[in-house]
Enquirer: 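Structure provided below as structure tokens; questions to follow.
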Amino acid sequence: MRNKEYTDRIDEIDGQIAALYGRRMELVDELARVKRLQGAKVLDRSREQLKLTAMENLVSDEYAKFSVRELFEQILAAGRKREYQILAESEGQSRLPFFERESLDRENARVVYQGAPGSYSQAAMKRFFGPDTDNFAVQTFRDVMIAIEEGAADYGVLPIENSTAGIVSQIYDLLVEFENYIVGEQTIKIEHCLMGVEGSSLESIRTVYSHAQSLMQSERYLNGHPDWRQISMQNNAFAARKVAEEQMITQAAIASEYAAQTYGLKILEKGINQAENNSTRFIIVTNRKMFVKDAGRISLCLELAHRSGSLYHLLSHIIYNGLNMTKIESRPIEDRTFEYRFFIDFEGNLKDPAVRNALRGLRDESRSLKILGNY
């Protein structure tokens, strides 16, 4: 046969497949309504595995077995998504696990942040809540989470991602451990400055203090001063405070211009970090499950079954519902070798039907799911 004869016959078969698939989806709709009345679950994994094996056994060629299984995995997944959609439509506006608020009460809030006055975290806090917000600092990220959980603060400010250094992995782990939720975000441009006490100069400096990440981000500049000793500290503001308190012209700190103003230090060099477009995204967390009405980003944590294709099938719920995934990160699960939690951000609001439909499928088909926030 000529090429066109083959393609014509394939087109004819494809038309039959499409027609049969349409009929199949009509039956899926009817089945979903029956399941709703009976209170039956959408996903019956054991039945699906039997079905896939049966379809494989209809062909003999090994490649055909693989491709038939893959095809029917997609067909079954599409059917489940349609069932979830029908269930969501029939339930209407069911009760949300989070309650909606018109806005956050920024004026009367008590806010906690990690570090010290003059830190980027404090700058982010003041940018988000205003300069006169009641606030206090604690030593560690964990202390921030504890202060919120215990009610010592209404909100906490935590760095979660830097545009050059990547994620702050400890924050992701703490979001899983504590029942605190993201309700906002604030991005701060990072411009590191070298600062010292009055009377200090580039020639007098022998020791430089800063956070390890800031030292790394300023590596190119520091390489030009190989005789300087670099000492890592827990926070940039701690470094600036140490230099200010000890009043030694041989010491300098790398921190923000805001820190220099806070501690009365002299800026010796501005913008010493090599990346011009360096910024850090901070999250605003609280111990209440809430979201503001115009929230547009949802963050989730998922644990998946340790088997082939599980992540692929989970993410398909986001695609099927027309949602835009903006981020995915993984973190190892403690005491479970080579198993991971996935942290996913996508655009949407918890009131949106597409979001609710996606969440239903994600929850049913994952080992566990936690909504980290809608903000």
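Positions are given from 1, in the same order as the sequence printed here.
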Enquirer: So, are Glu5 and Arg9 salt-bridged, with charged N and O less than 4.0 Å apart?
Expert: no
Enquirer: Roughly how far, to the nearest 0.5 Å, is NZ of Lys293 from CD of Glu102?
Expert: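 With rounding to 0.5 Å, CD (Glu102) is 3.5 Å from NZ (Lys293).
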Enquirer: With heavy-atom distances below 4.5 Å as the criterion, would you say the side chains of Phe342 and Leu314 are in contact?
Expert: no
Enquirer: Please lay out, stage by stage, how Ser46 and Asp44 fare under the test side-chain hydrogen bond (donor to acceptor under 3.5 Å, both in side chains).
Expert: CA-CA 6 Å; Ser46 60; Asp44 184 341; 3.0 Å; yes
Enquirer: So Asp154 and Arg110, salt bridge (Lys or Arg N to Asp or Glu O under 4.0 Å) or not? Walk me through it.
Expert: CA-CA 5 Å; Asp154 301 304; Arg110 181 164 169 77; over 6 Å; no
Enquirer: Hey, are Arg36 and Glu83 close enough for a salt bridge, meaning a charged N less than 4.0 Å from a carboxylate O?
Expert: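 Answer for the salt bridge query: no.
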Enquirer: Can you tell whether the side chains of Glu365 and Arg45 come within less than 4.0 Å, N to carboxylate O?
Expert: no
Enquirer: Look at the rings of Phe66 and Tyr63 and say which category their plane angle falls in: under 30° parallel, 30 to 60° tilted, over 60° perpendicular.
Expert: tilted
Enquirer: Between Tyr120 and His211, do the side chains contain a donor N or O and an acceptor N or O under 3.5 Å apart?
Expert: no
Enquirer: Closer than 3.5 angstrom, by distance alone: can the side chain of Asn357 be matched with the main-chain N or O of Pro353 as a donor-acceptor pair?
Expert: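 Checked: no pair found.
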Enquirer: Considering only heavy atoms from C-beta outward, does the side chain of Ile160 approach that of Thr280 to under 4.5 Å?
Expert: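 Side-chain contact under 4.5 Å: no.
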Enquirer: Given Arg367 and Glu339, is the salt bridge (Lys or Arg N to Asp or Glu O under 4.0 Å) satisfied, shown in steps?
Expert: CA-CA 12 Å; Arg367 181 179 285 163; Glu339 293 192 41; 2.9 Å; yes
Enquirer: For the backbone of Thr140 and the side chain of Asp143, can you confirm whether one donor and one acceptor N or O come within less than 3.5 Å of each other?
Expert: yes
Enquirer: Applying side-chain contact (heavy atoms from CB on, under 4.5 Å) to Leu158 and Val285, what does each step give before you reach the verdict?
Expert: CA-CA 8 Å; Leu158 292 165; Val285 293; 4.2 Å; yes
Enquirer: Just how far is it from atom OG of Ser279 to atom CD1 of Ile188, taken to the nearest 0.5 Å?
Expert: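 Spacing of OG (Ser279) from CD1 (Ile188) equals 9.5 Å.
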Enquirer: Would you check if the side chain of Asn135 reaches a backbone N or O of Val111 as a donor-acceptor pair within less than 3.5 Å?
Expert: no
Enquirer: Taking side chain as C-beta onward, heavy atoms only, is Leu359 less than 4.5 Å from Leu300?
Expert: yes
Enquirer: Centre-to-centre under 6.0 Å for Phe98 and Phe291, is that the case here?
Expert: no
Enquirer: If only atom types and distance count, is the side chain of Asn287 paired as donor or acceptor with the main-chain N or O of Asn180 below 3.5 Å?
Expert: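 Here the side-chain-to-backbone pair does not exist.
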Enquirer: Identify the heavy atoms of Ile267 and Ala260 that sit nearest to each other, and give their distance.
Expert: CG1-CB, 3.8 Å
Enquirer: Considering only NZ, NE, NH1 and NH2 on the basic side and carboxylate oxygens on the acidic side, decide whether Arg360 and Asp364 come within less than 4.0 Å.
Expert: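 So Arg360 does not pair with Asp364 through a salt bridge.
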Enquirer: Answer yes or no: is there an ion pair linking Glu161 with Lys327, defined by an N-O contact shorter than 4.0 Å?
Expert: yes
Enquirer: How long is the straight-line distance from CE of Met233 back to OG of Ser210, given to the nearest 0.5 Å?
Expert: 9.5 Å
Enquirer: Is a salt bridge present between Glu329 and Arg341, judged by a nitrogen-to-oxygen distance below 4.0 Å?
Expert: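 The answer is no: the pair does not qualify as a salt bridge.
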Enquirer: Is any side-chain heavy atom of Glu303 closer than 4.5 Å to one of Arg336?
Expert: yes
Enquirer: What's the separation between atom OH in Tyr258 and atom OG in Ser119, rounded to the nearest 0.5 Å?
Expert: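 If I round to the nearest 0.5 Å, the distance is 7.5 Å.
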Enquirer: Would you name the heavy atoms of Ala259 and Ala240 that are closest together and state the gap between them?
Expert: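 Scanning both residues completely, I find the closest heavy atoms to be CB-CB, 4.2 Å.
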Enquirer: Tell me the closest heavy-atom pair linking Phe238 and Ala116, and the distance in Å.
Expert: CE2-CB, 3.5 Å
Enquirer: Should we say atom CD of Glu30 is surrounded by more than 12 heavy atoms from elsewhere, each under 6.0 Å from it?
Expert: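 Atom CD in Glu30 is crowded, with more than 12 foreign heavy atoms closer than 6.0 Å.
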Enquirer: Look at the side chain of Asp352 and the backbone N and O of Val355, then say whether any donor-acceptor pair between them is shorter than 3.5 Å.
Expert: no
Enquirer: Test side-chain contact (heavy atoms from CB on, under 4.5 Å) on Arg24 and Ile75; report intermediate values, then the result.
Expert: CA-CA 10 Å; Arg24 187 185 195 284; Ile75 290 174; 3.5 Å; yes
Enquirer: Got a second to check how far Leu175's CG is from Cys301's SG, nearest 0.5 Å?
Expert: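 Leu175 CG to Cys301 SG: 9.0 Å, rounded to 0.5 Å.
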Enquirer: Which heavy atom of Leu372 sits nearest to which heavy atom of Phe343, and what is that distance?
Expert: CD1-CD2, 3.8 Å
Enquirer: With a 6.0 Å cut-off (strictly less than), is the heavy-atom count around CG of Asn277, excluding the residue itself, greater than 12?
Expert: no
Enquirer: Given 3.5 Å as the limit, does a donor-acceptor pair link the side chain of Ser204 with the main chain of Ile249, or not?
Expert: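 Yes: the side chain of Ser204 pairs with the backbone of Ile249.
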Enquirer: Ignoring hydrogens, what is the shortest heavy-atom contact between Glu347 and Leu323? Give both atom names and the distance.
Expert: O-CD2, 3.9 Å
Enquirer: Please report the shortest heavy-atom distance between Ile205 and Ser200, naming the atom on each side.
Expert: CD1-CB, 4.4 Å
Enquirer: Which distance, rounded to the nearest 0.5 Å, do you find between the OG1 of Thr164 and the CD1 of Ile190?
Expert: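 Output value for this atom pair is 8.5 Å.
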Enquirer: Is there side-chain contact between Glu219 and Leu222, with heavy atoms separated by less than 4.5 Å?
Expert: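 No, too far: nothing below the 4.5 Å cut-off.
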Enquirer: Using a strict 4.0 Å threshold on nitrogen-to-oxygen distance, state whether Glu26 and Arg82 make a salt bridge.
Expert: no
Enquirer: With a 4.0 Å cut-off on N to O distance, would you call Glu191 and Lys270 a salt bridge?
Expert: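 Between Lys270 and Glu191 there is no salt bridge, as every charged N stays at least 4.0 Å from the carboxylate O atoms.
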Enquirer: Taking the side chain as every heavy atom from C-beta outward, state whether Asn235 and Arg241 have any pair of such atoms under 4.5 Å apart.
Expert: no
Enquirer: I'd like to know whether Arg356 forms a side-chain contact (heavy atoms from CB on, under 4.5 Å) with Leu350, so could you lay out the CA-CA distance, the side-chain angles of the two residues, the decisive distance to 0.1 Å, and finally the verdict.
Expert: CA-CA 6 Å; Arg356 294 155 72 89; Leu350 287 172; 5.9 Å; no
Enquirer: Is a side-chain N or O of Ser218 found less than 3.5 angstrom from the main chain of Tyr221, in a donor-acceptor match?
Expert: no
Enquirer: With a 4.0 Å cut-off on N to O distance, would you call Asp345 and Arg297 a salt bridge?
Expert: yes
Enquirer: Give the C-alpha distance, both sets of side-chain angles, the deciding distance and a yes or no for salt bridge (Lys or Arg N to Asp or Glu O under 4.0 Å) between Glu177 and Arg142.
Expert: CA-CA 10 Å; Glu177 181 181 346; Arg142 175 174 290 276; 2.8 Å; yes
Enquirer: With a 3.5 Å cut-off and no angle check, do the side chains of Gln217 and Asn278 form a donor-acceptor pair?
Expert: yes
Enquirer: Between Tyr84 and His317, is the ring centroid distance below 6.0 Å?
Expert: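 Under 6.0 Å, so yes.
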Enquirer: Does Gln234 form a side-chain contact (heavy atoms from CB on, under 4.5 Å) with Gln114? I'd like the steps, not just the answer.
Expert: CA-CA 10 Å; Gln234 191 176 3; Gln114 183 271 336; 4.0 Å; yes
Enquirer: Parallel, tilted or perpendicular, judged at 30° and 60°: which one describes the rings of Phe129 and Tyr155?
Expert: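 Plane angle between 30° and 60°, so tilted.
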Enquirer: Could you check if a side-chain atom of Ile254 sits within less than 4.5 angstrom of a side-chain atom of Tyr209, using non-hydrogen atoms only?
Expert: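 Ile254 vs Tyr209: side chains apart.
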Enquirer: Check Lys65 with Glu70, please: is the shortest side-chain N to carboxylate O separation under 4.0 Å?
Expert: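 No, this pair does not count.
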Enquirer: Checking side-chain contact (heavy atoms from CB on, under 4.5 Å) against Asn236, which of Ser121, Ser214, Ser256 comes through?
Expert: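 Of Ser121, Ser214, Ser256, side-chain contact (heavy atoms from CB on, under 4.5 Å) with Asn236 is met by Ser214 alone.
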Enquirer: Tell me whether Lys370 forms a cation-pi arrangement with Tyr181, defined as NZ or CZ under 6.0 Å from the six-membered ring centre and within 45 degrees of its axis.
Expert: yes
Enquirer: Within the structure provided, determine whether Met125 and Phe282 are in side-chain contact (heavy-atom separation under 4.5 Å).
Expert: no
